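It should be emphasised that the depicted structure is a prediction, and the values quoted were computed from it without experimental measurement.
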Amino acid sequence: MDTYESVLLVKNEVFVFKIPPRTSNRGYRAADWNLQEPQWTGRMRLVAKGEELIMKLEDKTTGELFAKCPIDKYPGVALEAVTDSSRYFVVRIQDDNGRSAYIGLGFGDRSDSFDLNVALQDHFKWLKKEQEGDQSQQQQLDLGFKDGETIKINMKITKKDGSEGSRPKRAGAAAVGGLLPPPPGGSRLPPPPSPQHAPNPAVPTAATANSEWGDFNSASATSQKPTTPANQQNWVQF
């Protein structure tokens, strides 16, 4: 993916000075420069490309590049303010071969230097937020399931009275083969008679026996007389 350049600041007039070597750790002073005779005058553009920030010094008529200054942080070595003025800075310029040199950079108005400070601070604040956001995303826990990983959940069902119980079984769950159980209290049909209890035509029944021995039955019934109780016999004789 291509990253586009964005121009953060443009100043159409800046001054470049030749500066003496630094002699102490107290910092640079613009009063030590020959401010009346700048070495070069042109345009300054502050350009951002992704996380990269470059100050470009160009010819204000043709746009030809005079020098460039990569800025990795501010305040820093690449761009340093002087100790005796807010309009002048020490800039470390670099060529394509990596060689570097230090020059003095100045503005004709304090508002121009103020705009440069604001643009630099805003860029590095944005860059810090972007870096913190990337780190937080990398530190997020991976809660996804790995290959073959499962999870077990124990569920509890709370009754209306607040007690916990197991989940009720569905009606008919105990039926075998998908058949419903018989209704409660229902009558059952008697089983068909087994062959061993079927009547044997070879054995005569009581009715058949009576029909064959009917004469003897009637005779015996006639010969038998009712027995009169003793008390009744005595009352008749009296």
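- Taking the side chain as every heavy atom from C-beta outward, V91 and V16 never approach each other to under 4.5 Å.
- Applying the ring-ring contact (aromatic ring centres under 6.0 Å, His included) test to F66 and every residue at least two apart in sequence or in another chain returns W40.
- Contact check for P20 versus W33: side-chain heavy atoms found under the 4.5 Å cut-off.
- The shortest distance between side-chain heavy atoms of L8 and V47 does not fall below 4.5 Å.
- Counting only distance, with no hydrogens or angles, the side chain of D84 and the backbone of A31 share a donor-acceptor pair below 3.5 Å.
- Side-chain contact check for V10 versus R43: some heavy-atom pair is nearer than 4.5 Å.
- Atom CG of N97 sits in a crowded spot, with more than 12 heavy atoms from other residues, nucleotides or ligands closer than 6.0 Å.
- Between A78 and C69, the shortest heavy-atom distance links the atoms O-SG, 3.5 Å.
- The residues K11 and D115 are annotated as salt-bridged, a charged nitrogen and a carboxylate oxygen being separated by less than 4.0 angstrom.
- Side-chain N or O atoms of S100 include none that pairs as donor or acceptor with a backbone N or O of R92 at under 3.5 Å.
- Counting heavy atoms from C-beta on, the side chains of F114 and D109 never come closer than 4.5 Å.
- Taking all atoms of both residues into account, the shortest heavy-atom contact from F124 to L53 is CE1-CD2, 3.9 Å.
- In terms of modelled atom types and a separation under 3.5 Å, the side chain of D32 and the main chain of Y28 share no donor-acceptor contact.
- Looking only at side-chain heavy atoms (C-beta outward), T41 and V14 stay at 4.5 Å or farther from each other.
- For the salt bridge (Lys or Arg N to Asp or Glu O under 4.0 Å) condition, the pairs that include at least one residue of residues 13-25, sequence neighbours left out, are R22-E80.
- No donor-acceptor pair closer than 3.5 Å links the side chain of T62 to the backbone N or O of D59.
- Rounding to the nearest 0.5 angstrom, the gap separating the CZ atom in F107 from the OG atom in S85 is 11.0 Å.
- Considering M55, K60, K56 in turn, M55 is the only one that fulfils the side-chain contact (heavy atoms from CB on, under 4.5 Å) rule with M44.
- Taking the side chain as every heavy atom from C-beta outward, L9 and L116 approach each other to under 4.5 Å.
- With sequence neighbours left out, the salt bridge (charged side-chain N to carboxylate O under 4.0 Å, His left out) criterion links R87 to no other residue.
- Considering only heavy atoms from C-beta on, F89 comes within 4.5 Å of N117 through its side chain.
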